[in-house]
Amino acid sequence: MTDNDHNSHSAIDPTALPSFDTMPNVATMETSHVNKDQPPFILVDGSYYLFRTYHALPPMTTTQGLHTNAVRGTLNALLKLMRRYHPTHMAVAFDTKAPTFRHQLSADYKAGRPPMDKELSQQISYIHRLVTALGLPLLRIEGAEADDIIGTLAQRAVAEGHHVVISTGDKDMAQLVNDCVILEDSFTGKITDRAAVIDKFGVAPEQMIDYLTLMGDSSDGIKGVPGIGKKTAETLLTKYGNIGNILAHVDDIKGRAGKNLVEYADDIPMNAQLATIVTDLEIGQDWEDLRINTDPSAYIDELRALYSELEFKNELASLDHPNHPANAQGVAASQAATESQAQIAKSVQSTKIDNIKNSKQHDKAWHTVLDMPAFDSLVARLEAAPYFVIDTETTSVHWREAEIVGVSLALEAHEAYYIPLTHDLADDPLTDKQLDRDTVLARLKPILENHNIGKIGQHLKYDTHVLSHYGIDLLGHPHAPEASAAKYPNNWAMDTMLASYVINAAVTRHGMDDLARHYLHTQTITYEDVAGKGAKQVTFNQVAIDIASDYACEDADVTLQLFELFNDKLKDDANNAKLLHQLEIPTAQILCNMEADGILIKRSFLNELSKRFDEEIIALEARAHDIAGDAFNVGSPKQLGEVLFDKLGVIGGKKTKSGQYSTSEAVLSKIDHPLVDVVLEYRSLSKLKSTYTDALDAVSDKDTDRVHTSYHQALTSTGRLSSTDPNLQNIPIRTATGRLIRQAFIAPPERVIVAADYSQIELRLMAHFSGDETLTRAFNEGLDIHTATAAEVLGKAVDEVSATERRNAKAINFGLLYGMSAFGLAKQLQMGRNEAQDYIDMYFNRYPKVKQYMIDTRASAYEHGYVQTLLGRKLYTPDINSSNRMVKQAAERAAINAPLQGSAADIIKLAMIAVDKVLPKDHAKMLLQVHDELVFEVDQDKVDEISTLIQNAMQDVLTRTAADCGWDIEFAVPLLVETDSGHNWDEAH
DNA sequence: GCATCATCTTA
DNA sequence: GTAAGATGATGCG
């Protein structure tokens, strides 16, 4: 390293920088010659593991006082890599203390770094010796950083036909990623391929240098351009591709960013040079020098001596064990090759798809339909198709206000059509060529409504809403005949979002971009890519038709590819197929109707409440200021904490994790002070006003006075639904004032509200799953379960149980469902941890099979990585093997709760299907689902009859509906449903 | 303007 | 101790 002309960002006129796609950059290397059948070349960023593990791991010392945590952490990373990849060649690179060309270039470079702790520096020589003793090539070059050694060797290895895994957690290295080079952080386990770079930073690997140059890096002392942070850097690079092009268009860039780009343009070349990893260092070692030494006799004595000095007892013992990686080079080499190949294949696939951010060219047959002959022939193909993908493009993500802008369709993978209908971008030459919306929809209507032609879509509930605004009733459920012989009970269409959700709810989110990334290793064009974001985002009708067409065609194309992939997966898992076709898709169809119907609210009443609450809030605020002796924002936890604990000197201030006082209800209610009562009342009323009385009125339809929520069916980890815009699953009920909100949910004239809820469904599931006789008997005898629990645990008769005893038993019962700890129970019951533990011990003593259930459930999570619900839904528990104790224990509690909560979710979905089937639609509507409750509006003169109908359908769901849908279930206790009715939801509950 | 925290509402 | 969503305040850019 003698001069600085090794990279393309030399100190020249920045506007003359070559465009990035011609830069000699690792990320853009030619890689077709690379052989991926061999194990990868592993390049380890030793300095990264040194620092990372030193700071992340708890201090450890030998009996001599030698600190060893960084040695251990780095060793573990190395062993993990060797076990995983069984490499033949490897290099472990470290920084040296000597200054590098970057220090000469900039006085600020890494200037802000504090000196290294003595506890860390004393470990460095041990790590170096350990690397060598493991037979691994160690590289330290004066004047070069580990990054540069790695950059150089990565480039050289790829040029010589090897694929590469760079083991690091340093984001700067992302500039080295390409289809043969991936990053792996062996400390966190995170793998970063090309798609992951795009996902994480919003720019491609070949743009990373420019990204870092613009944004700067405070930890390295690279300044960047002031006013450009990660968001602006991402936006600019997405729009202009590279810095050269950004500077060429600097006049178009508004605001601080544009001004500073001009002002600081002279600094850019230097910053670029600091950010660029060198790839042409002089390194003496050739390929053979980087071969791992597999001859144990060469180093085993040194290794033994080191382990023994470091007091690594297990490692010392394992040296004599044949499976130690140090003794097992080449063992299971074929297995290693397969594993690493899979990793690399993922990265390769992800690069095959063009990223719109860099290039809009594509080799796919994506068509924009702009004339009648083209539309006619498309219609002919659709009419003859067994199934096709449909996706609507609209003006809004909210189904209620969405107007159709275009329709995309796909019949085969890698081919798609977009029919633009109502784009109206003024200077788009294609605007006037669009076909007439109503003509097109009229032609499509019979096809979309033909249930013999299968329809496939991503999140079809949305498209169904949109199409229904235009009088089209989407139907058609494509059967994969070989998937299952079962006859599907409905004709609604197949949904890839729901397929993904039943297959594995936890592995990814289920939006199309997420699914494409996870299952197809493709970065799709996002809505923000075509329409912008934030305040400047435009609606889809304002997107140019050629760009819109790429986006829309890709959506349809990707959906079809996902359909084919999921269909294959479902063929291998008949129960997942059943969950999708018999449970989720029918539920989606019902939810669609419930959302569209909405529930009536009494707006005048809500407005009155708002006014009343407001008056009281103002009075309470004045009183609070009076007590405090000063005006402050009562709604600010921060200000309240300061007033209460600092100014007024109240004792009992606990801090939250961010260092401010906690003023939560749990803390305040323990404090005896006049201000506390005022604040709690203030909080309660302002919560009710802002979240409920104001918000519900605001979102209601002003013509019909109905509110329409959106149910999310592919979101929770357990199979429950969630509800947003507004959330109608958390309407108050516990306090009298809160219940006033419920009273605003009413039925239209001549109708009443009917609510039907499952009684203690999760505890009944606990009885069923555990098989505990005592618990089962209590339900079979129809006892009050909390009283029965108290009587059982305390050895009393049921009628001798006091209110407090029942309350404690209730807390235990809830604790059971939540994976209870003594700590949590103690907090809930405001008692000592030992006392809580005694309660738990007494409980398990009386209910031994419940205890066993909890043990078995944990074991199942460890063994399979998932737990299952009553209907066999697999709920994955990815954190169960976390090395973080807290995370792992949280995962255990979630694993215990998941089958119970998830089975209850299965049951109520079955109930919705069962009720929907028998409900007389002219006289009643199902309106809401609140986890264990269904809410209806029912003709007043048919309340008794229909309530009984609903109750029976819900109670018999496991004996009848489950069987109809293909599940054979013997349930240990009866399901009990309670129904009630009234003029509003409060009265009905 | 956007993200995060603290708080509070439900099953 | 499980699972969610909405809000106002606050801090960053």
Side-chain angles (χ1 to χ4, degrees), chain A residues 215 226-232 255-257 505 533-537 632-641 655-668 679-680 683-692 694-696 698-699 709-712 715-735 737-739 741-742 757-758 760-762 811-829 836 840 854 875 889-902 904-905 908 928-933 989:
Chain A
M215 196 175 81
I228 299 188
K230 61 179 201 279
K231 290 286 169 192
T232 314
R256 207 150 89 90
K533 60 177 155 179
K536 277 181 272 176
Q537 188 166 73
F632 72 104
N633 184 345
V634 188
S636 160
K638 189 166 177 272
Q639 292 180 32
L640 173 65
K655 300 272 175 103
T656 66
K657 63 182 170 223
S658 66
Q660 73 178 38
Y661 288 113
S662 170
T663 64
S664 66
E665 206 250 321
V667 171
L668 294 188
V679 167
L680 288 178
R683 287 222 184 126
S684 160
L685 292 179
S686 52
K687 176 83 181 174
L688 292 175
K689 180 172 186 298
S690 66
T691 309
Y692 300 107
D694 288 353
L696 286 170
V699 298
T709 184
S710 293
Y711 289 104
H712 295 242
L715 187 141
T716 71
S717 56
T718 57
R720 272 194 182 176
L721 303 178
S722 83
S723 156
T724 60
D725 297 310
N727 180 356
L728 296 185
Q729 291 181 321
N730 70 347
I731 301 302
I733 190 166
R734 288 187 215 283
T735 67
T737 322
R739 279 200 297 275
I741 312 283
R742 255 176 209 243
D757 66 283
Y758 281 108
Q760 304 296 351
I761 190 162
E762 292 187 8
I812 292 221
N813 280 333
F814 275 97
L816 283 177
L817 305 176
Y818 298 155
M820 183 154 66
S821 70
F823 180 81
L825 185 67
K827 214 165 83 177
Q828 176 72 32
L829 287 178
I840 293 172
M854 298 177 79
L875 303 174
Q889 286 179 340
E892 287 184 359
R893 292 191 297 270
I896 288 167
N897 175 258
L900 304 165
Q901 189 183 118
I908 194 131
L928 302 177
Q929 190 253 45
V930 194
H931 308 309
D932 65 2
E933 173 185 10
H989 199 288

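The structure presented is a predicted model; accordingly, all values stated were derived computationally and were not measured. The chains referred to below are lettered A, B, ... by the order of the sequence lines, with proteins before strands, and numbering in each begins at 1. Only this structure's heavy atoms are used, side chains among them; waters, hydrogens and symmetry mates stay out.
- In this model, no side-chain donor or acceptor of A:Gln729 finds a partner on the base of B:dT10 within 3.5 Å.
- Atom CG in A:Leu715 sits about 11 Å away from atom P in C:dA6, given to the nearest Å.
- An OP1 or OP2 oxygen of B:dA6 is reached within less than 4.0 angstrom by no side-chain nitrogen or oxygen of A:Ser664.
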Grab the N/O contacts between the protein and nucleotides 11-13 of chain C below 3.5 Å, and write none if there aren't any.
none

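- Taking the ring centre of A:Tyr661 as origin, the terminal cationic atom of A:Lys638 falls outside the region bounded by 6.0 Å and 45° from the ring axis.
- A:Leu728 approaches A:Val930 most closely through the heavy-atom pair O-CG2, 4.1 Å.
- In this structure the side chain of A:Leu816 reaches within 4.5 angstrom of the side chain of A:Met854, judged on heavy atoms.
- When the side-chain nitrogen and oxygen atoms of A:Gln660 are compared with OP1 and OP2 of C:dA9, none of them lie within a distance under 4.0 Å.
- Listed candidates were C:dT7, C:dT2, C:dA9. Nearest to the side chain of A:Ser636 is C:dA9.
- The distance from atom CG of A:Asn813 to atom P of B:dA11 is 17 Å, rounded to the nearest whole Å.
- Contact check, A:Arg734 against B:dT10: a side-chain N or O comes under 4.0 Å of OP1 or OP2.
- Summarising the geometry, the separation between OH on A:Tyr818 and P on C:dA4 is reported as 13 Å, rounded to the nearest angstrom.
- OP1 and OP2 of C:dA4 both lie 4.0 Å or more from every side-chain N or O belonging to A:Arg720.
- Rounded to whole Å, atom P of B:dA6 lies 17 Å from atom CG of A:Asn633.
- In the set B:dA6, C:dG1, C:dT7, B:dA6 carries the atom at the smallest distance from any side-chain atom of A:Thr656.
- Contact detail for A:Arg739 and A:Ile733: the closest heavy-atom pair is NH1-O, 3.0 Å.
- A:Ser662 has a side-chain polar atom (N or O) that falls below the 4.0 Å cut-off from OP1 or OP2 of B:dT7.
- Counting only N and O atoms by type, the side chains of A:Ser723 and A:Gln729 include no donor and acceptor under 3.5 Å apart.
- Side-chain proximity of A:His931 to B:dA11, C:dA6, C:dA3: nearest is B:dA11.
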**Worked verdict on A:Leu685 versus A:Thr737 for side-chain contact (heavy atoms from CB on, under 4.5 Å)** = CA-CA 9 Å; A:Leu685 292 179; A:Thr737 322; 4.2 Å; yes

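- A salt bridge between A:Arg720 and A:Glu762 is present, with a side-chain N of the basic residue lying under 4.0 Å from a carboxylate O of the acidic one.
- Looking at the side chain of A:Gln901, the nearest of the listed nucleotides C:dT2, C:dG5, B:dT10 is C:dT2.
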